[in-house]
Novice: 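The structure that follows is given in the form of structure tokens.
Throughout, residue positions are numbered sequentially from 1 according to the sequence presented.
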Amino acid sequence: QVQLVESGGGLVQTGGSLRLSCAASIRTFSVYAMGWFRQAPGKEREFVATINWSGDITYYADSVKARFTISRDNAKNMVYLEMNSLKPEDTAVYYCAADRIGGTRREWTFWGQGTQVTVSS
């Protein structure tokens with residue numbers, strides 16, 4: 001059974017940083033693309049960042065490009081999202097996701113329970 005568990009969310013001031021982590025219990029973790037999505041109150045879930053199975057290809061939403069960095073450690077079955085220069089509009093529940101194909105679409109196979117990120121102005 002696949003399980004994704006996010007951690008690292010919290011309250012931070014504008015301009016601050018947070019590092020989200022996602023622990024994946026997937027036997028074949030290294031063949032999955034991993035991604036981060038977020039959902040703000042009253043809004044649809046949106047794509048944030050994705051990384052391919054080997055970790056050498058990443059892609060970001062324009063809204064977070066140059067501020068967020070996604071990475072993975074296949075030896076530890078972990079994926080990370082380093083978030084810098086945070087803005088109030090980054091406030092959302094952040095979800096870790098896994099999928100064989102990946103991409104910016106929302107229909108990924110496996111999802112975590114989410115972790116709240118709140119950026120105060």
Side-chain angles (χ1 to χ4, degrees):
Q1 183 171 349
V2 174
Q3 189 174 21
L4 303 175
V5 180
E6 303 96 335
S7 61
L11 174 64
V12 65
Q13 291 185 334
T14 297
S17 299
L18 281 175
R19 188 193 196 207
L20 304 183
S21 299
C22 173
S25 61
I26 304 176
R27 190 171 56 182
T28 55
F29 176 76
S30 61
V31 306
Y32 280 82
M34 298 299 295
W36 288 94
F37 291 74
R38 67 186 181 186
Q39 187 167 17
K43 296 187 177 181
E44 292 188 345
R45 189 173 299 188
E46 65 174 2
F47 166 80
V48 174
T50 183
I51 188 166
N52 73 328
W53 65 275
S54 61
D56 59 348
I57 299 175
T58 58
Y59 186 76
Y60 299 90
D62 287 343
S63 59
V64 306
K65 203 171 293 182
R67 298 189 299 121
F68 290 11
T69 302
I70 188 172
S71 61
R72 66 189 295 163
D73 185 338
N74 285 347
K76 297 181 179 179
N77 280 25
M78 295 290 295
V79 64
Y80 307 98
L81 186 68
E82 186 76 35
M83 305 186 295
N84 298 314
S85 302
L86 283 162
K87 306 174 182 180
E89 50 263 44
D90 294 319
T91 294
V93 177
Y94 283 71
Y95 297 90
C96 175
D99 191 80
R100 291 293 188 104
I101 300 175
T104 61
R105 59 189 177 85
R106 291 195 292 265
E107 296 78 16
W108 283 48
T109 305
F110 302 111
W111 293 88
Q113 83 289 348
T115 186
Q116 177 70 46
V117 171
T118 302
V119 184
S120 63
S121 57

Novice: Please determine whether residues V12 and Y94 belong to a single hydrophobic cluster, defined as Ile, Leu, Val, Met, Phe, Trp and Tyr linked transitively by side-chain heavy-atom distances below 4.5 Å.
Specialist: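 Linked, V12 and Y94 end up in one cluster.
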Novice: Can you name the residues that form a side chain to side chain contact (heavy atoms under 4.5 Å, CB included) with S54, not counting sequence neighbours?
Specialist: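 Once residues adjacent in sequence are excluded, the partners of S54 under the side chain to side chain contact (heavy atoms under 4.5 Å, CB included) criterion are N52, D56.
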Novice: To check you understand the geometry: which heavy-atom pair defines the closest contact between A40 and A92, and what is its length?
Specialist: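 Distance-wise, the nearest heavy atoms are N-CB, 3.8 Å.
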Novice: Taking the side chain as everything from C-beta on, heavy atoms only, tell me whether L81 gets closer than 4.5 Å to V48.
Specialist: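 Result yes, sub-4.5 Å side-chain heavy-atom pair found.
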Novice: Side-chain contact, heavy-atom cut-off 4.5 Å: Y32 with I26?
Specialist: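 With C-beta onward as the side chain, the pair touches.
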Novice: Can you tell me which residue pairs pass the side chain to side chain donor-acceptor pair (under 3.5 Å) test with a partner in residues 6-20, sequence neighbours excluded?
Specialist: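 Pairs touching residues 6-20 that pass the test: E6-Q113, S17-N84.
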Novice: So how far is it from W36 CH2 to T115 OG1, rounded to the nearest 0.5 Å?
Specialist: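 W36 CH2 to T115 OG1: 7.5 Å, rounded to 0.5 Å.
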Novice: Check whether L18 and V79 end up in the same hydrophobic cluster, where Ile, Leu, Val, Met, Phe, Trp and Tyr are linked by side-chain heavy atoms less than 4.5 Å apart.
Specialist: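 Yes, one cluster joins them.
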Novice: Using the test salt bridge (Lys or Arg N to Asp or Glu O under 4.0 Å), find all partners of R105 that sit at least two apart in sequence or belong to another chain.
Specialist: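 Result, salt bridge (Lys or Arg N to Asp or Glu O under 4.0 Å) vs R105: D99.
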Novice: Who passes salt bridge (Lys or Arg N to Asp or Glu O under 4.0 Å) against E89, sequence neighbours left out?
Specialist: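 None.
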Novice: Can you find a pair of side-chain heavy atoms, one from R38 and one from V64, that are under 4.5 Å apart?
Specialist: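 Yes, close enough: below the 4.5 Å cut-off.
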Novice: With heavy-atom distances below 4.5 Å as the criterion, would you say the side chains of R100 and V31 are in contact?
Specialist: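 The answer is yes; the side chains approach within 4.5 Å.
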Novice: G102 and A33: which non-hydrogen atoms are nearest, and at how many Å?
Specialist: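 For G102 versus A33, the nearest heavy atoms are CA-CB, 4.0 Å.
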Novice: Does R106 have any side chain to side chain donor-acceptor pair (under 3.5 Å) partners at least two apart in sequence or in another chain, and if so, which?
Specialist: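 Here the qualifying residues are E44.
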Novice: So, using side chain to side chain donor-acceptor pair (under 3.5 Å) as the criterion, who are the partners of E82 when residues are at least two apart?
Specialist: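 E82 satisfies side chain to side chain donor-acceptor pair (under 3.5 Å) with no other residue.
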Novice: Using side-chain heavy atoms (C-beta onward) and a distance below 4.5 Å, is L86 in contact with F68?
Specialist: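 In short, these two side chains touch, coming nearer than 4.5 Å.
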Novice: Measure the shortest side-chain to side-chain distance between L11 and S120 over non-hydrogen atoms and say whether it is less than 4.5 angstrom.
Specialist: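 Answer yes - side chains close enough.
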Novice: Only counting residues at least two apart or in another chain, list the ones meeting side chain to side chain donor-acceptor pair (under 3.5 Å) with K65.
Specialist: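 Partners of K65 by the side chain to side chain donor-acceptor pair (under 3.5 Å) criterion, ordered by chain and then number, come out as D62.
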Novice: side-chain contact (heavy atoms from CB on, under 4.5 Å) between R72 and T58: does it pass, once the steps are laid out?
Specialist: CA-CA 10 Å; R72 66 189 295 163; T58 58; over 6 Å; no
Novice: Got a sec, which hydrophobics cluster with W111, joining ILVMFWY side chains under 4.5 Å apart, including via others?
Specialist: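 ILVMFWY cluster around W111 also holds F37, F47, Y59, V93, Y95, W108.
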Novice: Side chain to side chain contact (heavy atoms under 4.5 Å, CB included) with N77: which residues, sequence neighbours excluded?
Specialist: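 Only F29 meet the side chain to side chain contact (heavy atoms under 4.5 Å, CB included) criterion with N77.
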Novice: Residues sharing I57's hydrophobic cluster, by side-chain heavy-atom contacts under 4.5 Å among ILVMFWY, directly or via others?
Specialist: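 None; I57 is a cluster of one.
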Novice: Rounded at 0.5 Å granularity, tell me how far OG in S30 sits from CG in D73.
Specialist: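 Rounded to the nearest 0.5 Å, the OG-CG separation comes to 11.5 Å.
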Novice: If you group Ile, Leu, Val, Met, Phe, Trp and Tyr by side-chain heavy-atom gaps below 4.5 Å, do Y80 and V117 land in one group?
Specialist: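 In one cluster with Y80: V117, no.
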Novice: Look at the side-chain heavy atoms of Ile, Leu, Val, Met, Phe, Trp and Tyr, link any pair under 4.5 Å apart, and say whether I70 and L20 land in one connected group.
Specialist: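 Yes, because I70 and L20 connect within a single hydrophobic cluster, where side-chain heavy atoms sit under 4.5 Å apart.
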Novice: Which residues end up grouped with W53 if you chain together Ile, Leu, Val, Met, Phe, Trp and Tyr wherever their side-chain heavy atoms are less than 4.5 Å apart?
Specialist: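 Cluster partners of W53: none, it stands alone.
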Novice: For the atom pair CG (N74) and CE (M34), what is the distance rounded to the nearest 0.5 Å?
Specialist: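 Result: 9.5 Å between the selected atoms.
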Novice: Enumerate the disulfide (SG to SG under 2.5 Å) contacts for residues 19-121, please, sequence neighbours excluded, ordered by first and then second residue.
Specialist: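 Pairs touching residues 19-121 that pass the test: C22-C96.
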